[in-house]
Asks: 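Dropping the structure in here first, questions after.
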There are 2 protein chains.
Amino acid sequence: MTRKIPQSTVRRLSHYLRSLEGFEDEGGTVSSEELAARGQTTAAQVRKDLSHFGSFGKRGLGYRVDELRSRLRHILGIDRPWRVALVGAGRIGRALIEYPDFRARGYECVAIFDSDPDKVGRRLGDQTIRDAATLEEAMEDLQVELVILAVPAEAAHDVAARAVDVGVKGILNFAPIRLNVPPRIPVQDVNLVMELEALSFAISQAEEAG
Amino acid sequence: MTRKIPQSTVRRLSHYLRSLEGFEDEGGTVSSEELAARGQTTAAQVRKDLSHFGSFGKRGLGYRVDELRSRLRHILGIDRPWRVALVGAGRIGRALIEYPDFRARGYECVAIFDSDPDKVGRRLGDQTIRDAATLEEAMEDLQVELVILAVPAEAAHDVAARAVDVGVKGILNFAPIRLNVPPRIPVQDVNLVMELEALSFAISQAEEAG
DNA sequence: CTACATTTGTGACGAAATTCACAAACCGGC
DNA sequence: GCCGGTTTGTGAATTTCGTCACAAATGTAG
Ligand SMILES: NC(=O)c1ccc[n+]([C@@H]2O[C@H](COP(=O)([O-])OP(=O)(O)OC[C@H]3O[C@@H](n4cnc5c(N)ncnc54)[C@H](O)[C@@H]3O)[C@@H](O)[C@H]2O)c1
Ligand SMILES: NC(=O)c1ccc[n+]([C@@H]2O[C@H](COP(=O)([O-])OP(=O)(O)OC[C@H]3O[C@@H](n4cnc5c(N)ncnc54)[C@H](O)[C@@H]3O)[C@@H](O)[C@H]2O)c1
């Protein structure tokens with residue numbers, strides 16, 4: 001039933017969950033058709049995506065909103081809190097850590113690290129910025145599971161390796177390089193330059209076609 | 001030759017370009033094998049990706065680094081500058097606008113807008129923040145082509161529609177909603193919550209498998 | 001010029017993802 | 001309890017994407 005799930009399916013599951021959160025009628029039901037209309041996909045796709053994980057939903061009726069929501073939360077692994085650390089309290093790091101939606105989804109920031117002596121000791125959000133030299137000790141103590149990596153590219157490899165050494169389970173990487181970590185550690189890359197390039201590609205493509 | 005290009009191909013092209021920029025030997029050549037080793041793909045994939053756009057490269061030798069680089073720039077549409085406006089000078093907007101890599105790649109910020117009277121008139125980067133009420137007029141005057149949309153979700157639809165009305169060609173959208181713009185306007189969504197969810201999904205999945 | 005070592009470009013093939021289509025399940029009404 | 005209207009769940013068909021394998025092209029050495 002649940003084997004190799006396409007990455008595109010995972011993204012759609014996130015979309016479905018977001019759609020469901022915009023629903024008032026908690027006890028009500030929703031059909032694959034309605035769900036498809038909100039994301040931009042098809043009813044068949046919705047059903048196929050969900051069927052990878054079991055068959056909740058009643059024929060002739062649809063899916064119960066509250067049940068589907070908690071199922072999706074479970075599937076995405078956010079039916080429990082995650083202990084997150086931010087490394088790199090620079091521009092992007094500060095923006096992220098003050099973003100309330102992460103915590104609302106269960107991602108709880110339990111530590112912030114930076115190597116800049118001017119930043120160490122300052123407050124950011126509800127944390128005091130720690131010296132990056134204490135990263136191993138603190139991450140183990142605090143049982144950090146996820147790292148948001150927002151340091152310059154030169155430092156990213158080193159930080160990632162150290163975090164993995166002390167048992168971190170996954171990395172959200174903003175540095176524009178491919179991290180060299182063991183394959184068992186999932187790494188999610190965010191590369192905003194690439195997103196802009198995808199945009200200008202799409203535009204240029206359309207212009208050429210006329 | 002050039003028909004419907006997979007999104008995954010576009011992302012790989014960005015990677016190839018980044019790899020090439022790390023090359024010293026400008027006049028030298030690079031093989032699909034070498035290029036594949038730097039991204040995590042195969043030599044055949046590299047050749048297939050490039051073949052969608054023509055056949056540059058010499059058999060028995062490889063691709064000339066400088067030529068391939070300029071070809072990729074052309075394909076991605078970054079062989080010319082793009083006129084970009086930021087709307088929403090909040091946390092994420094400020095982080096982005098001070099990020100030097102955008103300009104280095106040809107994305108030039110020509111205007112910044114915000115609706116908050118406290119922010120209007122302040123400097124940010126090399127720009128003065130403009131009143132969002134003047135968005136239409138200023139965008140037309142400045143011939144803005146791309147918009148980086150970093151406003152709260154409630155405001156995003158409105159801003160997007162207004163930008164499209166005055167001729168903007170594409171949108172990089174950070175608001176966690178699906179914009180309702182005409183299909184001819186490419187929209188690239190960046191949703192960081194979804195990236196974290198993909199991470200926790202991957203981890204949970206691995207744990208269940210044992 | 002010929003033999004040889006490379007590496008591209010691409011058609012054929014295979015794998016993966018999406019769409020189709022329909023039997024099975026369910027609800028409400030009577 | 002049965003009928004009619006719905007909607008799911010899923011094998012099969014289709015489309016899209018990635019890999020393979022090899023002929024054609026190029027450079028080099030002798
Ligand atoms: N700012 C953006 O909009 C943006 C966009 C895309 C990608 N990025 C990437 O995100 C990363 C951070 O970018 P930024 O703009 O926030 O840079 P920044 O210079 O503002 O912040 C980097 C922070 O990391 C700290 N740091 C450096 N080495 C460290 C180490 N070894 N351990 C702990 N902390 C360390 C620095 O002191 C600094 O506070 C970079 O890799 C950049 O390429 C940034
Ligand atoms: N901060 C993050 O890390 C982060 C991460 C992911 C997504 N986002 C998304 O990015 C968007 C911005 O987030 P943020 O954290 O920067 O919020 P923010 O509140 O710090 O900034 C939003 C800015 O937009 C301005 N604004 C509001 N309405 C406007 C309008 N109609 N026209 C022009 N400007 C307007 C506000 O004055 C404010 O300066 C949100 O949609 C958020 O969900 C933010």
Side-chain angles (χ1 to χ4, degrees), chain A residues 1-16 19-20 23 25 27-69 71-72 75 198 201-202 205, chain B residues 1-16 19-20 23 25 27-69 71-72 75 198 201-202 205:
Chain A
M1 195 168 61
T2 163
R3 263 290 75 92
K4 189 66 175 309
I5 308 299
Q7 188 66 17
S8 45
T9 289
V10 180
R11 309 196 75 145
R12 284 192 298 267
L13 294 178
S14 288
H15 272 129
Y16 304 154
S19 293
L20 289 177
F23 262 72
D25 187 12
T29 63
V30 59
S31 70
S32 54
E33 197 71 58
E34 293 174 80
L35 229 31
R38 288 161 182 260
Q40 53 186 17
T41 177
T42 66
Q45 183 72 77
V46 172
R47 295 200 299 274
K48 181 69 85 180
D49 285 340
L50 296 177
S51 77
H52 286 122
F53 305 96
S55 66
F56 16 98
K58 285 209 180 7
R59 302 182 181 205
L61 191 62
Y63 303 88
R64 279 191 42 198
V65 171
D66 51 4
E67 187 192 347
L68 184 53
R69 189 156 30 178
R71 293 283 197 138
L72 286 172
I75 292 167
F201 173 82
Q205 201 70 352
Chain B
M1 194 170 60
T2 163
R3 262 285 76 90
K4 189 65 176 306
I5 307 298
Q7 190 66 17
S8 46
T9 291
V10 180
R11 310 196 74 151
R12 285 192 296 267
L13 294 177
S14 288
H15 272 130
Y16 304 153
S19 291
L20 289 176
F23 262 70
D25 187 11
T29 62
V30 60
S31 70
S32 54
E33 197 71 58
E34 293 174 81
L35 228 32
R38 288 161 182 261
Q40 51 189 8
T41 178
T42 66
Q45 183 72 74
V46 172
R47 297 200 297 276
K48 180 70 83 180
D49 285 340
L50 295 177
S51 77
H52 286 123
F53 304 96
S55 66
F56 17 97
K58 284 211 179 6
R59 300 181 182 208
L61 191 61
Y63 302 87
R64 279 191 42 198
V65 171
D66 51 4
E67 186 192 348
L68 184 54
R69 189 154 34 178
R71 293 284 198 136
L72 285 173
I75 292 167
F201 172 82
Q205 201 70 353

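Numbered from 1 within each chain, the chains take letters A, B, ... in sequence-line order.
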Asks: Between C:dA17 atom C1' and A:D49 atom CG, what is the distance in whole Å?
Replies: 10 Å

Asks: To the nearest Å, how far apart are A:R47 CZ and C:dT18 C1'?
Replies: 13 Å

Asks: Between A:R59 (CZ) and C:dA25 (P), how many Å, whole number?
Replies: 6 Å

Asks: Write down the distance between CD (A:Q7) and P (C:dA16), rounded to a whole number of angstrom.
Replies: 15 Å

Asks: Scan B:S32 against the nucleic acid and name what it touches under 4.0 Å (heavy atoms): base, sugar-phosphate only, or nothing.
Replies: sugar-phosphate

Asks: In whole Å, I'd like the distance from the CD atom of A:Q40 to the P atom of C:dT18.
Replies: 13 Å

Asks: Whole angstrom is fine here: how far is it from NZ in A:K48 over to P in C:dA16?
Replies: 15 Å

Asks: Please say which of A:R64, A:R69, A:R71 ends up in a salt bridge (Lys or Arg N to Asp or Glu O under 4.0 Å) with A:E67.
Replies: A:R71

Asks: Under 4.0 Å from OP1 or OP2 of C:dA17: is there any side-chain N or O of A:Q45 that close?
Replies: no

Asks: Starting at CG of A:L61 and ending at P of C:dC26, how long is that distance when rounded to a whole Å?
Replies: 11 Å

Asks: On DNA chain D, which is the earliest and which the latest nucleotide, 5' to 3', with an atom closer than 4.0 Å to a heavy atom of chain B?
Replies: D:dC17 to D:dT26

Asks: Could you walk me through whether B:R11 and B:S14 pass the side-chain contact (heavy atoms from CB on, under 4.5 Å) check?
Replies: CA-CA 5 Å; B:R11 310 196 74 151; B:S14 288; 5.7 Å; no

Asks: Under 4.5 Å between any side-chain heavy atoms of B:T41 and B:D49, yes or no?
Replies: no

Asks: Under 4.0 Å from OP1 or OP2 of C:dT18: is there any side-chain N or O of A:R12 that close?
Replies: yes

Asks: Within the structure, does a side-chain N or O atom of B:S51 lie under 4.0 Å from either OP1 or OP2 of C:dT8?
Replies: no

Asks: Rounded to the nearest Å, what distance is computed from the CD atom of residue B:E33 to the P atom of nucleotide C:dT7?
Replies: 8 Å

